[in-house]
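Below you'll find the structure, written out as structure tokens, and then a few comments.
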Amino acid sequence: RLPYAGIVVEEVNQVTIGATVSNTDDRVKFSNLQYGIKIKDAYTTIIGCEFDNIEAGVNNQNNTAAKFFDQGAIYAMHSYLTYAEQPLKKLVVGSSVSGDECIFSDGSVGIYAENCLSLIGESGNSNMNTFSNFSCHAIKLINPHRGSVVTNNSIVQSRMGIWAANILQNVTLNGNLVPNPDNLFTINENLMDYVRYGIWIQNMSCIRRFQQVKIKDNEIHLEDSLDDVYGIRVDACNGINISNNIITRGTSDPVSDDIHTKKGIWLARTKHAAVYDNKIYRLGSGIYGNGDMHSTQFFCNVFTNSWHPFFFGTLSVITNQ
């Protein structure tokens, strides 16, 4: 059986794990564990740590680790409700300070967080959290609180880069409503190389148009040898902003059979969205649409060597562009 966890944190008002490092050998290191850091109902900041070969599960009869994809090197599982006496449910990984970035490698899931405010990375920062060789998800968020941000992370050779679903918009923390940030949820300035699927978000519709979910300024290089890939996938996220992303796939041009399997941006059942200023290279479908996309606008996108810049399924609905 794998050792259980490096650190377990439960119901703590605020704790920092790790420290700023000037030498990579000085990082707090977690390896060959079921969990690196396991968190419940806490406000936790994690900096300057390294996680390697974290595989949640127990050894089976063949003496290999059984993988559970809803767990991770950092695993933050919080109660859905927050009461006045409980700590803020917040996860911070990395910061703007050089040496605070965290390194993740070789596992099924890098970061898994549920029902918390997640701040993973720091925008515009040169020192990125790095994720490599994850068989399921590098970053997986369920019910992130409004105001959560995933920014400036590097993800390499992983099946799925970032997956998130079900934004929590009206949540009480410490007896008070969460402040109303301009952006409900943001994924921006992330770099992905040799991934099968870049970004996938589901069920994150905005109550008010100006409080948008945003996917912007990401650079995604898809695995060239795989038959089924996409850069950005969005399902049921009314009012989303998808802009200034770069999505590429290898060096070979697509063929007609790639229309349904190699997609730059996949948009389904998403109304009142804005998809603009994206640059898409060598995909079977640059933008692939399905379902009701009433009042969604597509403009100023650039397609290079894509078989179909736009492809809309038989049940698609779009309005004037």
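Every heavy atom of this structure was used, including side-chain atoms; hydrogens, water molecules and symmetry mates were not.
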Do the charged groups of [X] and [Y] touch, with an N to O distance under 4.0 Å?
{"X": "K89", "Y": "D41", "result": "yes"}
{"X": "R269", "Y": "D292", "result": "no"}
{"X": "K279", "Y": "E219", "result": "no"}

Subject >> ring-ring contact (aromatic ring centres under 6.0 Å, His included) evaluation trace for F303 with F310 >> reply: CA-CA 9 Å; F303 306 92; F310 287 91; 5.2 Å; yes

**OP:** Show your working on salt bridge (Lys or Arg N to Asp or Glu O under 4.0 Å) between R27 and E101 and close with a plain yes or no.
**Re:** CA-CA 10 Å; R27 295 185 184 279; E101 65 275 8; 3.3 Å; yes

Under 3.5 Å, which donor-acceptor pairs link side chains of residues 236-244 to any protein atom two or more places apart or in another chain?
{"residue": "N238", "atom": "OD1", "partner": "K271", "partner atom": "N", "Å": "2.7"}
{"residue": "N241", "atom": "OD1", "partner": "S243", "partner atom": "OG", "Å": "2.8"}
{"residue": "N241", "atom": "ND2", "partner": "Y276", "partner atom": "OH", "Å": "3.1"}

Original post:
Do T20 side-chain atoms and D100 backbone N/O form a donor-acceptor pair below 3.5 Å?
Top reply: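 Checking the backbone N and O of D100 against the side chain of T20, no donor-acceptor pair under 3.5 Å is found.
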
Original post:
Do the side chains of V93 and I103 join up, straight or via other hydrophobic residues, at under 4.5 Å, putting them in one cluster?
Top reply: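 The answer is no; the residues belong to distinct hydrophobic clusters.
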
Original post:
Any cation-pi pair here, K38 with Y75, using under 6.0 Å and within 45°?
Top reply: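 Pair K38/Y75 does not count as cation-pi.
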
**OP:** List for me each residue that meets side chain to side chain donor-acceptor pair (under 3.5 Å) alongside N129, sequence neighbours excluded, and say none if there are none.
**Re:**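 N129 satisfies side chain to side chain donor-acceptor pair (under 3.5 Å) with N153 once adjacent residues are dropped.
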
Original post:
What about the rings of F185 and H145, do their centers lie closer together than 6.0 Å?
Top reply: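 Between H145 and F185, which both carry aromatic rings, the centre distance is not below 6.0 Å.
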
Original post:
Step by step, would you call C49 with K29 a side chain to side chain contact (heavy atoms under 4.5 Å, CB included)?
Top reply: CA-CA 6 Å; C49 291; K29 296 184 179 181; over 6 Å; no

**OP:** Not counting sequence neighbours, list each pair that qualifies as a salt bridge (charged side-chain N to carboxylate O under 4.0 Å, His left out) and has a residue in residues 230-246.
**Re:**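 Residue pairs with at least one partner in residues 230-246: R233-D235.
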
